[in-house]
Protein chains: 2
Amino acid sequence: MSNSGKHHQSGCPVAFGIDTFGDRWTLLVIRDMLLHGKTTYGDFLGSDEQIATNILADRLKHLEAEGIVEKDRDSDNRRSYIYTLTDKGFALAPVIFEIIRWSGNYIPFNKARKELLRKIEIDPEGFMKELKTAGKT
Amino acid sequence: MSNSGKHHQSGCPVAFGIDTFGDRWTLLVIRDMLLHGKTTYGDFLGSDEQIATNILADRLKHLEAEGIVEKDRDSDNRRSYIYTLTDKGFALAPVIFEIIRWSGNYIPFNKARKELLRKIEIDPEGFMKELKTAGKT
DNA sequence: CTGGATCCCAATAGATACTG
DNA sequence: CAGTATCTATTGGGATCCAG
């Protein structure tokens, strides 16, 4: 299931990489582990991008099958699982970092600000309230 | 058409990168320009991975819209187009290189050999014939 | 409760045939 | 040569169900 039939099998290392982690979700999960210290199914579900449960389960399964992620029982929680990156998974850090570097140069610089302005327009009072309570967390 | 509805809009640079070039074909086209000096629609179609014509057209259009690729008329050929990377496109080279580096460490080293062995098993005579005529191109 | 599996169906990607 | 049209396959969202 899932991503069979998508493999290029051309022998090209770029194609191999894409076949392994080149879908729209996999790298985000890896990012969560690498950059945000997320380790559980619930953690991943909580990310901003709102991955669906079936997609997440599928991707985790594949990452495990590929040896990029390891799944163990939480020794404390006993009914929870902990996902961690293997060396092979951790070795993707430079790829992620180069993507971040590239985006840093080319992401629309005012996207966040635009969001903010939209918020202000729609609900100025709510925004002001948010502003006042910000930084107290 | 194409990749609308897939954008994460989370503000995360990784998600931004994925939204821009994170599908299964875009990076391969960029690889062709970057590493193999390909410049025309026909060039891209000829790659090992066999991209479909509509996909290629779509991806080129998007790459152009994103300012990653530039499309100009071939000054010689006049009814042919030349696609070249912009600076923004060229700036993806480190991403590609890190993917190659990662794959270099983790790609199944014997994939090509396995293919070969399979061929030999299925059609030994055909294989021998291929072997004899190889290197004459 | 956490970590999934499953089903439905909408939307997207992709292969193939054909066209300006 | 450089695409478009059409039709099929796959992915993905969301709800719900299920097991430990």
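- Across all strands, Ala57(A) comes closer than 4.0 Å only to sugar-phosphate atoms, never to a base (heavy-atom distances).
- With rounding to whole Å, Arg73(B) atom CZ is found 10 Å from dA2(D) atom C1'.
- Residue-level contact check: Asn54(A) touches the bases, meaning some heavy atom is under 4.0 Å from a base atom.
- Legend: side chain to side chain donor-acceptor pair (under 3.5 Å) pairs involving residues 29-38 of chain B, not counting sequence neighbours, sorted by first then second residue: Arg31(B)-Glu49(B), Asp32(B)-His36(B), Asp32(B)-Ser47(B), Lys38(B)-Ser47(B).
- If you check every strand for non-hydrogen atoms under 4.0 Å, Thr53(B) touches a base.
- Within the structure, every side-chain polar atom (N or O) of Lys61(A) is placed at least 4.0 Å from both OP1 and OP2 of dG3(C).
- What separates CG of Asp23(B) from P of dT12(C) is a distance of 14 Å, to the nearest Å.
- An OP1 or OP2 oxygen of dA13(C) is reached within less than 4.0 angstrom by no side-chain nitrogen or oxygen of Trp25(B).
- Phosphate proximity of dA2(D) to Ser80(B): present, with a side-chain N or O under 4.0 Å from OP1 or OP2.
- Considering only side-chain atoms of Ile55(A), the nucleotide from dT16(C), dG13(D), dG3(C) that sits closest is dG13(D).
- Across all strands shown, Tyr81(A) has heavy atoms under 4.0 Å from sugar-phosphate atoms exclusively, and none from any base.
- Look at CG on Leu60(A): it is 10 Å from P on dA5(C), rounded to the nearest Å.
- Here Leu92(A) contributes atom CG and Arg101(B) contributes atom CZ; the two are 13.0 Å apart, rounded to the nearest 0.5 Å.
- The side chain of Arg59(B) contributes no N or O atom lying less than 4.0 Å from OP1 or OP2 of dA13(C).
- Arg24(A) has a side-chain polar atom (N or O) that falls below the 4.0 Å cut-off from OP1 or OP2 of dG12(D).
- Using a 4.0 Å heavy-atom cutoff across all strands shown, Phe44(A) reaches no nucleic acid atom at all.
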